[in-house]
Amino acid sequence: MTARGDNTTRYDHRAVEKAWQQRWRETRQRRGLHPPSGRKKYILEMFPYPSGNIHMGHVRNYTLGDVLARFYRAQGFDVLHPMGWDAFGLPAENAAFEHKQHPRAWTHANIDAMRTQLQSMGLALDWQREIATCHPSYYKHEQGMFLDFLERGLAYRKEAWVNWDPSENSVLADEQVIDGKGWRSGAIVEKRKLEQWFLKITDYAPQLLEELSRMPQWPEKVKTMQRNWIGRSEGCLVDFRIQKNEETLPAEISPEISMDRLRVFSTRPDTLFGATFCAISPNHPLSEALAKSRPALKSYIEQANRKTQQQGDFDKSNKKGNKKSNKQGNKEDKEDKSGIDTSLRLLHPFDENLTLPLFVCDYVLMEYGTGAIFGCPAHDQRDLDFARQHGLTVKPVVLPEDAEEDSFAITETAWTGEGRMINSRFLDGLKIADAIVRATERLQEKSLGRKKTTWRLRDWGISRQRYWGCPIPVVHCSHCGIVPVARAELPITLPEEVSFDQPGNPLEHHEAWRSTPCPACGANAERDTNTFDTFVESSWYFLRFCDPRNDDRVVSDEAQEWLPVDQYIGGIEHAILHLLYARFFTRALKDCGHLKNLVEPFGGLFTQGMVCHATFRDEATGAYLFPDAVWQNKDKGKDKDKDKGKDKGNEKTHEAWTVKKTGAKVVRGRSEKMSKSKKNIVDPQQVILQYGADTARLFMLSDSPPERDLEWSFAGIEGAARFMQKLWRMAENRRAENKRAEDKKNASIPAKESTRTHPSHPEDRRPEDTKETQALFVAKRITPQALCRATHQAIRETTADIEQLRFNRAIAHMRKLANAIEACREESDLAEKQRTFAFDALLRLLHPFVPHITEEIWQRREETTLLSEERWPAFDATQAHEEEITMAVQVNGKLRATVCLPDNCAREQAEQVALSEDNVQRALAGGAIRQIVFVPNKIVNILVEKTREPDEPAQRST
RNA sequence: GCCCACUUGGCGGAAUAGGUAGACGCAAGGGACUUAAAAUCCCUCGGCGAGGAAUCGCCAUUCCGGUUCGAGUCCGGAAGUGGGCACCA
């Protein structure tokens with residue numbers, strides 16, 4: 001397990017990494033499955049989809065988690081750090097279609113490949129807890145949960161719009177709709193209304209929102225995004241009575257209208273006197289009722305439903321492209337507000353003599369509020385746009401503070417700001433907030449309205465018309481309706497032999513699987529052929545890791561002691577859906593008795609940045625190129641440089657990128673997230689092979705803070721590799737030094753051999769070397785005492801940095817310690833002892849980051865333990881304490897000197913020393929001292945009367 | 001349109017709580033070692049100016065303004081970049 005032994009040896013990762021990975025795995029394996037015994041940490045990274053290959057995003061994600069897991073392990077925590085596979089999903093079906101391979105076979109092959117790849121990173125994972133969501137032992141519990149949800153009314157069916165590919169006879173996911181066409185068939189996608197399963201996440205909207213304010217370890221950004229997504233708004237329901245007289249309600253439609261009121265939702269009941277029309281959504285029951293006898297309205301509704309579909313696709317397809325043009329295009333659509341007059345008239349709740357026309361408008365959404373609004377053009381931009389296009393009255397009722405009532409008018413922009421009520425009878429003069437209260441009260445008195453909180457969050461549609469997912473455990477019976485499968489029958493597994501030859505959902509075509517006796521009456525019935533959205537699996541997998549082999553329960557009471565996840569790490573792209581669904585599931589499962597007292601699934605959340613790289617395209621064809629297919633000709637002749645003289649520092653490196661093979665010109669694009677389609681990817685396997693896992697890990701963690709985007713660079717990876725070699729050399733020097741010390745003791749013969757491996761170091765030169773180099777060297781050298789201090793400071797800083805996931809800083813502190821060890825060159829027993837102590841600490845600190853090389857060095861010291869089982873180095877505050885402090889001396893706020901003073905020295909002493917500095921005296925220039933600001937250990941700021949420079953003009957009088 | 005975040009050398013980034021701006025690294029340049037290369041080691045490295053040098057002065061954290069003895073950090077405004085939501089009443 002060792003690399004070659006002489007002093008010039010270089011560290012060879014190939015020789016050691018595999019063996020250590022094996023060894024660690026065995027050690028962890030021996031611990032088996034167990035609940036936590038004392039202090040615990042559950043470290044979890046978002047589990048991967050088994051696409052077949054890990055990418056740099058995975059490397060970053062899993063390295064971040066691994067450092068924490070190893071760190072807390074060394075701190076004496078019981079650490080849970082599991083890995084599994086988000087194994088259901090569309091790509092497996094695509095592979096089945098394209099390569100005639102069964103989705104299960106494809107998925108399992110990918111899992112095997114990726115497991116090997118992850119293991120080559122040296123991750124300290126609990127592989128004995130590995131789970132795959134496509135395994136029946138996993139989704140059995142999911143089906144059980146669904147039955148619980150069904151019993152508690154948390155799962156229900158309703159009609160919903162889906163993307164329908166008429167040529168494939170199949171439902172498409174949003175991602176499969178490209179420019180309004182099926183991605184495979186190219187057929188224009190239609191919208192269809194299908195019965196679908198929904199989960200009642202909206203029941204939990206208030207809890208999901210409120211708890212966010214008690215989650216200090218989540219990024220503000222994510223909490224804000226979730227708040228906006230949940231979208232709570234307080235307002236008021238208002239009933240408008242429908243006028244029932246011959247003129248406005250013609251006989252042929254009156255039977256259709258059973259209701260006598262239209263209920264609308266508004267956050268601005270204060271503006272009720274500014275209402276000049278009402279509008280309902282095309283999908284409002286009233287619209288649909290009216291459409292039965294009105295062909296024009298019917299075709300408008302159909303058109304509107306098609307339009308929303310195309311609108312959605314348009315947004316999606318443009319998302320990654322030109323954002324500005326998207327905005328532009330969208331804006332035009334928004335300004336174009338169509339609608340159809342129903343000829344119905346509504347009575348104003350505060351004055352029945354006022355009537356309002358009722359329109360059907362496609363800008364009113366059925367899914368929000370009541371699907372109906374009152375339009376107040378003066379104070380809502382959308383209503384104003386609509387009013388202008390349809391010649392409706394605009395009546396201002398809120399007067400801005402700085403406006404005059406006589407001259408105030410609304411033209412093209414609605415006034416949505418603060419102000420006082422006008423034209424509003426009993427509300428006149430009130431501020432908006434007071435007017436809202438007053439108007440709501442009045443509505444309540446008249447039984448025409450009440451306070452109401454509305455949410456933007458919608459229930460979660462979980463039906464997918466696909467094969468490779470978890471089957472929904474219900475049966476459709478023509479006599480009994482929808483009947484849950486008996487629990488003893490779970491899991492309902494997917495049929496093995498399926499065909500992807502014909503379009504549509506394979507489960508739909510599978511007669512044998514589909515037909516089953518009704519659990520209630522025994523008659524012939526049919527299974528639900530839908531499967532769950534794959535977000536369902538990922539909504540509870542973190543629970544299962546605690547107790548992955550439990551067949552009876554999702555997670556036993558005992559194993560629940562692992563929860564919550566203490567630190568969850570993943571990409572920001574899951575800020576809303578996955579994280580919100582998981583929070584919802586935790587609550588729903590608790591209500592169904594699966595969980596004891598878990599409130600939130602993820603105590604701490606960390607969202608890592610993306611791994612980016614420049615893109616390259618062939619200048620002629622525009623085709624994307626892989627980074628290793630191109631190179632840069634740095635065209636810089638030495639002579640040329642000399643000619644340019646001083647300018648050369650500013651000269652930008654002449655960039656000429658060409659295709660390696662052909663020499664064709666290449667355009668280098670800006671750095672973007674690594675993605676297959678742009679080919680700006682670097683394969684982690686290649687990097688690990690060439691440089692080793694430690695180097696890859698170190699590079700991922702150095703320099704860039706984990707939450708920010710990371711720019712992949714060859715130079716960066718080289719830098720990390722150099723540090724590995726430096727560490728190795730230091731270890732070899734320590735070994736040599738210790739060996740000599742040993743020999744000295746045994747033989748008492750003075751060892752003449754130099755400890756230095758690099759004779760070019762000034763220390764190792766003879767006195768005839770230049771004075772300058774010697775002087776410079778002295779300044780860099782530190783004493784053993786200083787090294788001891790530096791070591792403890794490094795322990796303190798690194799520990800704090802890791803706890804806060806500031807790994808880039810942690811690495812900086814460790815590099816600093818490495819530099820300090822090298823700067824302590826004194827040859828004495830004390831120095832040797834300190835160097836050994838410092839290097840030992842450095843190994844322990846570095847181990848979570850670069851586990852292989854540190855473990856190897858540890859073993860070469862003939863230690864009997866594993867470094868990965870060792871404790872974190874102990875920090876001693878008194879040892880880290882600096883006795884001398886450098887304080888800044890300012891004159892009138894400008895730095896003039898720094899002075900060395902004992903720690904915590906008194907004001908008098910500091911002032912005295914500060915004033916004795918030449919530079920300070922020069923700056924004072926004899927002016928009278930007004931005041932001296934003294935902050936212990938920080939600063940002395942001497943404020944002095946400004947003596948005017950002779951040629952400086954006197955203060956001007958005006 | 002609404003909401004949020006960010007902006008520090010050639011580059012990635014440091015800078016507890018307002019107290020020496022640029023830690024640590026990358027790139028670049030100079031030098032040592034070497035027959036040479038690689039590797040390694042040493043030095044320089046925000047800008048402008050003065051000086052033989054040690055040093056010293058001025059400017060500098062996107063821009064403008066404020067609070068303060070003192071602002072990268074706090075407050076107000078502007079610009080730019082990135083992200084989220086988007087006809088949500």
Side-chain angles (χ1 to χ4, degrees), chain A residues 8 10 219-222 224-225 227-229 231 233 235 264-268 279 308 311 315 323 327 330-331 333-335 337 361-365 367-370 372-376 380-383 385-386 454-458 572 575-576 641 648-653 702-705 708-711 713 715-716 718-720 722-723 725-726 729 756-765 769 772-773 776-777 780 800 806 808-809 811-816 819 822 886-890 892-898 919 922-923 930-933 935 937-943:
Chain A
T8 55
R10 290 174 61 76
E220 274 311 314
K221 185 190 166 88
V222 174
T224 307
M225 280 162 72
R227 279 190 193 105
N228 293 339
W229 186 263
S233 55
V264 307
F265 173 76
S266 172
T267 52
R268 295 290 302 274
T308 36
Q311 179 71 48
D315 285 352
K323 231 189 155 180
K327 267 184 183 168
N330 221 337
K331 204 177 173 190
D333 280 358
K334 280 183 188 175
E335 279 163 5
K337 297 251 181 309
C361 295
D362 62 7
Y363 80 90
V364 180
L365 306 175
E367 298 81 30
Y368 186 78
T370 60
I373 61 159
F374 75 76
C376 176
D380 183 289
Q381 192 59 45
R382 294 155 300 178
D383 297 344
D385 294 341
F386 183 79
T454 313
W455 307 81
R456 190 188 161 282
L457 184 69
R458 314 271 150 81
I572 186 81
I576 298 174
D641 276 354
K648 83 179 167 186
N650 294 332
E651 183 195 8
K652 279 191 182 160
T653 317
S702 307
D703 297 351
S704 288
R708 284 200 218 169
D709 288 353
L710 170 80
E711 173 72 18
S713 82
E718 285 281 332
R722 267 201 299 276
F723 186 69
Q725 296 302 341
K726 177 177 178 167
R729 277 194 310 276
R756 308 299 163 217
T757 50
H758 310 294
S760 56
H761 192 284
E763 165 84 346
D764 308 312
R765 282 189 225 132
D769 285 338
E772 285 97 321
T773 47
L776 286 164
F777 162 69
K780 246 204 110 180
R806 296 185 303 203
N808 57 320
R809 275 180 37 151
I811 289 171
H813 283 118
M814 291 184 288
R815 294 187 103 124
K816 227 170 144 176
N819 292 343
E822 297 221 290
T886 308
M887 279 182 79
V889 183
Q890 298 183 338
N892 286 341
K894 285 203 171 187
L895 182 74
R896 294 300 170 193
T898 56
N919 222 32
R922 213 175 312 137
R930 274 192 295 132
Q931 191 198 337
I932 298 181
V933 179
V935 182
N937 284 354
K938 290 261 161 80
I939 211 154
V940 178
N941 188 6
I942 304 162
L943 305 177

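Naming: A, B, ... by sequence-line order, numbering from 1 per chain. The figures that follow rest on heavy atoms only: side chains count, while hydrogens, waters and symmetry mates do not.
As rounded to whole Å, 12 Å separates atom C1' of B/C87 from atom CD of A/Glu367. Straight-line distance from the CG atom of A/Asp709 to the P atom of B/G12: 12 Å, rounded to whole Å. For the pair A/Lys894 NZ and B/G70 C1', the computed distance is 12 Å after rounding to whole Å. Between A/Asn919 atom CG and B/A54 atom C1' there is a gap of 13 Å when expressed in whole angstrom units. Going from atom CD of A/Glu718 over to atom C1' of B/U40 covers 15 Å, rounded to whole Å.
Applying the 90° criterion around 0 to the glycosidic angle, B/G76 comes out anti.
The distance from atom OG of A/Ser266 to atom CD1 of A/Ile373, rounded to the nearest 0.5 Å, is 9.0 Å.
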Legend entry - Verdict with reasoning, A/Asp703 to A/Arg708, per side-chain contact (heavy atoms from CB on, under 4.5 Å): CA-CA 10 Å; A/Asp703 297 351; A/Arg708 284 200 218 169; over 6 Å; no
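Two residues, A/Ser704 and A/Ser713, neighbour RNA chain B, and the one matched to the more 5' nucleotide by heavy-atom proximity is A/Ser704. Between A/Ser266 and A/Val935, it is A/Val935 whose nearest contact on RNA chain B lies nearer the 5' terminus.
For B/G70 and B/A78, the C1' atoms lie 26 Å apart once the distance is rounded to whole Å. As rounded to the nearest Å, B/U8 and B/C59 have C1' atoms that lie 15 Å from one another. On the P atoms, B/G31 is 35 Å away from B/A14, given to the nearest whole Å. As rounded to the nearest Å, B/U20 and B/G30 have C1' atoms that lie 29 Å from one another. The gap from the P atom of B/U61 to that of B/G22 amounts to 14 Å, rounded to the nearest Å.
Backbone-only engagement by A/Asn808 is indicated by non-hydrogen atom pairs under 4.0 Å involving sugar-phosphate atoms exclusively. Within 4.0 Å (heavy atoms only), A/Arg708 reaches sugar-phosphate atoms of the nucleic acid but no base atom. Within 4.0 Å (heavy atoms only), A/Thr267 reaches sugar-phosphate atoms of the nucleic acid but no base atom. Within the nucleic acid shown, A/Glu711 has no heavy atom closer than 4.0 Å to any nucleic acid atom.
When the nucleotides B/G84, B/C69, B/G25 are ranked by their closest atom to the side chain of A/Val933, B/C69 comes out on top. Of the listed nucleotides (B/G19, B/C85, B/C87), B/C87 has the atom at the smallest distance from the side chain of A/Asp362.
The nearest pair of heavy atoms linking A/Val933 to A/Leu943 is CG2-CD1, 4.3 Å.
Contact annotation: the side chain of A/Phe386 never approaches that of A/Asp380 to less than 4.5 Å [non-hydrogen atoms, C-beta and beyond].
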